[in-house]
Every structure is written in C-alpha cells, then in structure tokens.
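I have placed the structure first, in the form of structure tokens, so that the comments after it can refer back to it.
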Amino acid sequence: MGLQSITTKSQKFYAILLVLTLPPLYYGSYRYRLVHPYGGQTTLQFDRPASTDFVREWLSTRIISPFNPSAIATYCNRTEWHPNLVFNLENANGGIGNVRGNVLDFIFFAIEAGASIILPGRAARSQEDISNVWAARAPFDTFFDEEWFMRTMGQACPEMKIYKPETNQKLADALPGNYLPHSRRIDVDSDATKIAYLEHLDVWLKEKPEYSPDDLTLVNLERTLWDIDTRSLPLGFHRNFGQILRTNPAIARLAAIVAQNFASKYHLLLHPRDAIPKRAYYGAHLRTEADAKNAGWLEEPHSNFSMQTDAYIKQALKHKLKVIYVASGNATDLELFKDKAAAHRPPLNVTSKLDSLPPSEAAAMRDLTWDQQALIDYEVLQRSSVFGGVVKSSFSYNIAMTRNQRIVDSGLVTDPWYVMHQEEGVAFDDGLSRILGRDGWHEMRIPRGMWP
Ligand SMILES: *[C@@H]1O[C@H](CO)[C@@H](O)[C@H](O)[C@H]1NC(C)=O
Ligand SMILES: *[C@@H]1O[C@H](CO)[C@@H](O)[C@H](O)[C@H]1NC(C)=O
Ligand SMILES: *[C@@H]1O[C@H](CO)[C@@H](O)[C@H](O)[C@H]1NC(C)=O
Ligand SMILES: *[C@@H]1O[C@H](CO)[C@@H](O)[C@H](O)[C@H]1NC(C)=O
C-alpha cells in the first residue's frame with residue numbers, strides 16, 4: 001500500500017515535473033535556434049551556400065495570409081463576359097508602386113466589363129536617366145510572378161481570357177484612341193458606379209465606325225491610378241485582389257538571401273516564417289534619388305536627406321531597433337546614412353541590399369534594372385519590424401498599406417490617418433508603418449484607392 005502510494009505519487013510528480021520543465025526548455029531552445037540557426041555561422045561567409053530552409057520559409061510567408069480568392073471568384077461570376085472584347089493596358093509606367101496600381105486598376109476594369117486582356121506589360125525607365133520612365137517596354141514577368149498570376153486568375157476568374165502575344169505579333173488593330181475608363185471612385189463622385197462605367201464604355205465603342213461586337217475588338221486602355229474606391233467593394237475582394245500580383249520569384253529569392261545574410265551578420269531575431277518579426281530590424285525608404293530631386297520632392301518640408309534620416313533613426317530607437325535596413329537607389333546617400341547612424345549616440349547599424357548578397361547573387365542583382373532592384377527592397381521592407389517611408393512615394397505607401405491589412409486581419413481597430421491631426425509632417429502611422437511628409441494628391445487618392 002505504502003509502496004503503491006509512493007509509486008502513484010512519483011508518477012504524478014514526474015508528470016508535473018515534465019509539464020513544468022518541457023515548455024521552458026522547448027521555448028528556450030526555440031529562442032536559441034532563432035539566434036543560432038542550425039548550420040548558422042557567426043560571421044558572414046559568402047562562399048557557403050544560402051540556407052535553403054531560410055529562403056524557402058521566407059518565400060512561403062506572406063504579409064496578407066492566407067490568400068482567399070473566393071470574393072474575386074464571386075465577383076467574376078457575376079460579370080457578363082464578352083470574350084471578343086480585348087483590353088490592352090497601353091501605358092503602365094514608373095516603379096513598382098505605380099505599375100502595381102496601374103495593372104490592378106486595369107484588371108479590375110476588365111473584370112467589370114467582362115473583357116479579355118492582353119497580359120499587361122509596362123514602360124521601362126532609362127538606365128542612364130532615371131527621370132525618363134518612358135525609355136523602353138518591358139513584359140509582365142520583369143516585375144511579377146507570371147505563373148502565379150495565370151494560375152490564380154485561371155482559378156478565380158476562369159471566364160477571363162488572357163492573351164500573351166509574341167513580340168511583334170498582333171492580335172488585331174486596336175480601335176483608334178485610348179479609352180480612359182469612367183472613374184469608379186464612388187467615394188468622391190456618386191455617379192461613379194459600375195453601370196455608369198459600362199454605359200460610358202458602350203458609348204465609346206459605338207462611336208467607333210470600326211467597332212463590331214461580333215469581331216475581335218482590341219481596346220487600348222489609358223492607365224489609371226487608384227481610380228476605384230476599393231473600400232466600396234466586398235471586404236474579401238478589397239483584401240485579396242492585390243495579391244494576384246506577386247514579385248517575380250527570382251527577385252523575391254534575392255530578397256530572401258539579403259534578409260538571411262543581414263540577419264546572420266547582426267544576430268537578429270529573424271525567423272523566416274514570421275511575416276513581421278517584432279524585434280528584428282527597422283526598414284527605411286530613403287527617397288532622395290536623382291529623380292526625386294528633379295521632381296522637387298526634396299525641397300518640400302520634412303523631405304530632404306537630413307529630415308528623413310533623422311526621423312528614421314529616431315523611430316528605430318523608439319522601437320529599440322538597432323539595425324536599419326535602408327532602401328535607396330542611391331549608393332552615395334546610403335553611405336552617408338551609414339556614417340550618420342554610426343556617429344549617432346547610441347550608434348545604429350545601417351545596411352542595404354548592396355552589403356547583403358554573396359558574389360554570385362550580387363552579380364545577378366547587377367543584371368537587374370534599377371526598378372527591378374527596388375523590388376528586392378520592396379520585399380525586405382514589407383517584412384521589417386517597423387517601417388518608415390515618405391508620402392510622395394507610392395512605393396512607400398504601398399508597403400504601409402499592405403502591412404496595414406495585417407492589422408485589419410488581426411481585428412485591431414486603428415486609424416492610421418489620425419496622426420495627421422496630432423503631429424506635423426506625418427501622413428500615416430499605424431504602429432507598424434509611418435509615412436513622413438504631407439501630400440494632398442496622395443492623401444486624397446491612396447487611402448481608398450490603393451489595393452493592399
Ligand atoms: C456562378 O453562379 C452560378 C449561378 O449564379 C452558380 O451556379 C455557380 O456555382 C457559380 N460559380 C462559381 C464558381 O461561383
Ligand atoms: C545620389 O545622391 C547625390 C547627392 O547625395 C546626387 O548628387 C546624385 O545625383 C544621386 N544619384 C542618383 C543616381 O540618384
Ligand atoms: C532640410 O529641410 C529642413 C526643413 O524641412 C531645413 O531646415 C534644412 O536646412 C534642410 N537641410 C538641407 C541640407 O537642405
Ligand atoms: C554595428 O555598429 C557598431 C557601431 O558603429 C560597430 O561597432 C559594429 O561593428 C557594427 N556591427 C557590424 C556587424 O558591422
């Protein structure tokens with residue numbers, strides 16, 4: 001009896017002991033592995049191959065997750081389809097922020113009209129003069145994941161036909177002139193309904209003597225930017241539609257390697273499956289390049305190099321982040337920021353994609369155009385613990401809006417625009433992202449017009 005009771009007691013005792021010790025042990029080793037990953041090295045050694053686990057896990061982790069196309073499928077299913085009507089996006093242009101907006105607006109206008117589309121390309125910037133955004137043409141996959149787009153649209157919107165003509169292959173003669181779709185910004189104009197848009201398109205088509213509904217009709221669409229009140233659409237549509245565009249996988253892979261390398265160099269708590277890790281790195285978009293300067297942006301208040309870098313350092317320290325990943329298309333300004341951060345008390349480490357790639361990947365990056373290289377930053381900044389950008393930049397604002405969807409998904413109610421009434425020279429702050437400066441046009445167009 002006595003013996004039995006001791007055994008029973010000791011079984012219970014061991015069970016409790018297990019319960020008490022295992023989770024802390026498990027947790028402890030988990031934290032340890034975050035800092036010292038298997039096969040990890042304490043100093044950067046570029047001759048070792050990138051850890052494929054980190055890269056794979058990073059690439060399979062998304063800010064807006066899970067992707068759910070059902071609202072898009074429902075919307076497409078309600079459309080009356082006219083496969084003979086083919087839309088072509090004539091003039092998407094600029095960097096990822098603008099091109100993403102142009103392409104998503106275009107696809108939306110095609111869905112509502114029930115039109116087929118030509119897989120949209122874009123105008124490409126001159127490498128010599130980055131202010132000239134019209135220098136050449138580039139196909140869809142130079143920015144985006146074509147395979148994902150075709151597969152997703154095939155599933156969500158199977159009625160939409162997507163043409164991909166070979167270079168110089170002509171589908172048909174386009175009707176003369178570009179068609180500028182009737183705005184769908186119902187928040188600013190109560191007449192901006194789907195019905196009004198379809199009537200407007202119908203009138204435009206019927207004005208053309210060449211138009212015959214039974215023949216293949218090619219219409220060149222004039223680009224629009226944030227011309228749809230995205231928040232007037234079903235919640236699931238608003239949330240998921242932007243996800244049909246993903247970054248070209250080869251470029252996204254370079255971003256993953258960049259993150260892996262600086263995480264290891266600075267011993268960051270950066271788990272690749274954590275979409276927005278809490279205490280890892282500050283992401284800053286330093287927008288001081290020649291084209292921004294030529295456009296006069298840097299003369300605006302709160303916008304020049306010293307104002308931007310002061311604000312980023314201050315916010316990084318406020319969030320106890322000692323490493324700043326900086327996106328900039330200007331190597332000179334990157335060095336200046338690095339020196340400024342090192343001289344700061346307390347000092348901070350500034351790093352960029354230029355410091356974070358092994359030779360073979362660095363060579364692959366140099367083969368990319370200026371705007372494609374910016375996609376590496378676009379990916380890394382989206383995943384930063386806290387992000388800072390500038391209001392004049394659609395690139396910055398897109399990052400903030402996508403990250404904000406994560407806050408919405410988590411059920412938190414925040415008003416990122418309230419900060420405008422509280423602080424001078426800040427356009428957006430939701431705790432995850434902060435947008436510096438003020439800009440009437442962007443502040444009017446983006447909050448309801450940009451797709452997360
Ligand atoms: C489309 O709508 C029809 C009827 O309105 C329905 O029967 C069908 O299941 C729907 N298809 C999809 C993919 O939602
Ligand atoms: C980089 O910034 C410097 C000023 O710091 C400027 O003179 C130069 O034109 C810029 N270059 C590019 C490519 O933006
Ligand atoms: C940057 O802008 C601030 C005001 O916004 C101004 O006080 C400062 O002198 C500017 N710095 C330079 C280097 O132009
Ligand atoms: C980070 O910055 C500090 C201060 O400038 C410097 O001593 C340290 O070497 C930097 N860390 C790395 C990994 O470069």
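One-based numbering, in listed order, for ligands and for the atoms of each. Here the structure is a predicted model, which means the values were calculated and not measured.
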Cation-pi, F143 ring and R122 (6.0 angstrom, 45 degrees): yes

Kindly confirm or rule out a cation-pi arrangement of R246 over W148, judged by NZ or CZ under 6.0 Å from the six-membered ring centre and within 45° of its axis? yes

For E90 and N88, does a side-chain donor sit closer than 3.5 Å to a side-chain acceptor? yes

Any side-chain donor near an acceptor of the partner, D377 and Y325, under 3.5 Å: yes

Ring centers of F395, H285 separated by less than 6.0 Å: yes

for atom 10 (C) of ligand 1, nearest protein heavy atom and its distance come out as N77 ND2, 2.4 Å

Heavy-atom nearest neighbour in the protein, as seen from atom 8 (C) of ligand 2, with distance rounded to 0.1 Å: N330 ND2, 3.7 Å

Show which atoms of ligand 2 fall inside a sub-4.0 Å distance from at least one heavy-atom site of [X].
X	value
D333	2 (O), 4 (C), 5 (O)
A290	12 (C), 14 (O)
E289	14 (O)

Which of the numbered atoms in ligand 4 are under 4.0 angstrom from any heavy atom belonging to Y266? 11 (N), 12 (C), 13 (C), 14 (O)

Run the numbers for me: atoms of ligand 4, each under 4.0 Å from some heavy atom of N349, listed by number. 1 (C), 2 (O), 3 (C), 8 (C), 10 (C), 11 (N), 12 (C), 14 (O)

Would you say R184's side chain and Y197's backbone share a donor-acceptor pair under 3.5 angstrom? no

Look only at interatomic distance and state if K293 has a nitrogen or oxygen under 3.5 Å from any nitrogen or oxygen of ligand 2. no

Nearest protein heavy atom under 4.0 Å from atom 2 (O) of ligand 1, yes or no: yes

Does atom 5 (O) of ligand 1 have a protein heavy-atom neighbour under 4.0 Å away? no

CZ of R279: more than 12 outside heavy atoms within 6.0 angstrom? no

